[in-house]
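As structure tokens, the structure follows; a few thoughts come after it.
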Amino acid sequence: MRHWTGAGLVASAIGIALLAGAPGGGAQDQTGAIKERQALMKKQAEDLKVIQSYVTGETSRETAIAKANELLTLPPRIAGLFPPGTSNVEFPKATHAKPEIWQQWDRFKQVPIALGRAEQQLAEAVKSGRKQNVLDELDNVGRTGCGACHTYFRAPLKD
Ligand code: HEC
């Protein structure tokens with residue numbers, strides 16, 4: 001018994017070691033990161049849409065607050081989902097990420113920080129219930145966050 005348990009432990013330890021030792025930056029990791037960042041981007045767009053529908057009266061403030069809080073958790077994850085070697089040069093069909101992202105990495109990684117700040121203001125506006133402020137902050141998020149990055153770093157989606 002003891003022998004088998006030991007062998008099982010060794011086998012599972014090897015299994016874990018193999019998983020943990022998978023070379024970073026492998027093709028699978030890269031397509032995984034591409035899919036994950038696209039899903040995160042879509043989630044951002046969905047959350048903003050719900051907040052917009054609060055302004056037009058179709059969604060409760062509670063729901064809009066929940067979405068604003070959810071949005072705040074996303075920008076800190078963005079840069080980590082852009083590992084090197086995942087531009088539309090390496091993966092022409094799978095991604096719209098331009099090589100400029102890695103050529104201007106310092107600039108790229110500042111944009112999620114600006115986005116996070118704008119979303120903080122958006123969350124405060126939603127909590128205040130002042131809809132004109134919510135509209136202004138939505139505009140600010142779109143310009144200084146989403147738009148600022150897409151203009152330089154995302155290839156046109158129709159490609
Ligand atoms: C730091 C840069 C950056 C910021 C900030 C950013 N995006 Fe993006 N976004 C990208 C890039 C690059 C892509 C292309 C990703 C890909 O295809 O791998 C993208 C793709 C998308 C897509 C298409 C996803 C798909 O399914 O292919 C949507 C929708 C989107 N972004 C919405 C948003 C919204 C909404 C915001 C603001 C709340 C935002 N993005 C903020 C860089 C950014």
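All values reported here derive from a predicted model rather than from experimental measurement.
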Exercise. If every non-hydrogen atom of P112 is compared with every non-hydrogen atom of P75, which pair is closest and at what distance?
Worked result: O-CB, 3.4 Å
Problem set entry | Test item: T73 side-chain N/O and N69 main-chain N/O as donor-acceptor pair under 3.5 Å | no
Seminar exercise, completed: In this structure, NZ of K35 is separated from CD of Q30 (nearest 0.5 Å) by 12.5 Å
Problem set entry | Flag side-chain contact, heavy atom, 4.5 Å: L122 against N140 | no
Exercise. Are the side chains of P99 and N88 in touch, meaning some heavy atoms are under 4.5 Å apart?
Worked result: yes
Exercise. Would a hydrophobic clustering, with Ile, Leu, Val, Met, Phe, Trp and Tyr connected at side-chain separations under 4.5 Å, put L72 with V134?
Worked result: no
Exercise. How long is the gap from NZ on K98 to SG on C149, to the nearest 0.5 Å?
Worked result: 10.0 Å
Problem set entry | Over all atoms of both residues, closest heavy-atom pair of G145 and L115 | CA-CD1, 3.7 Å
Exercise. Within a radius of less than 6.0 Å around CZ of R143, do more than 12 heavy atoms belonging to other residues, nucleotides or ligands occur?
Worked result: yes
Exercise. Should we count CZ of R61 as having more than 12 external heavy atoms under 6.0 Å?
Worked result: yes
Exercise. Donor-acceptor pair, H96 side chain versus R154 backbone, under 3.5 Å?
Worked result: no
Problem set entry | Separation of Q44 CD from E70 CD (nearest 0.5 Å) | 10.0 Å
Exercise. So, does E119 use its side chain to make a donor-acceptor pair with the main chain of E137 at under 3.5 Å?
Worked result: no
For this session: Please confirm whether the backbone N or O of A148 pairs with a side-chain atom of T151, one donor and one acceptor, at under 3.5 Å?
Result: no
Exercise. OH of Y152 to CZ of F108: how many Å apart, nearest 0.5 Å?
Worked result: 14.5 Å
Exercise. Nearest heavy-atom pair of A94 and I34: which atoms, and what distance?
Worked result: O-CG2, 3.6 Å
For this session: Take Q110 and D106 through the test side chain to side chain donor-acceptor pair (under 3.5 Å) and record every step on the way to the result.
Result: CA-CA 7 Å; Q110 292 304 314; D106 285 343; over 6 Å; no
Side-chain donor-acceptor contacts of residues 77-87 below 3.5 Å, not counting sequence neighbours, with atom names and distances?
| residue | atom | partner | partner atom | Å |
| --- | --- | --- | --- | --- |
| R77 | NH2 | E36 | OE2 | 3.4 |
| T86 | OG1 | R37 | NH1 | 2.9 |
| T86 | OG1 | P83 | O | 2.7 |
| S87 | OG | V89 | N | 3.0 |
| S87 | OG | E90 | OE1 | 2.6 |

For this session: Give the cluster check for I113 versus M41: same hydrophobic cluster or not, with ILVMFWY residues linked at side-chain heavy-atom distances below 4.5 Å.
Result: no
In a table with atom names and distances, give each donor-acceptor pair under 3.5 Å that connects a side chain of residues 46-54 to protein atoms at least two apart or in another chain.
| residue | atom | partner | partner atom | Å |
| --- | --- | --- | --- | --- |
| S53 | OG | V50 | O | 2.7 |
| S53 | OG | T59 | OG1 | 2.4 |

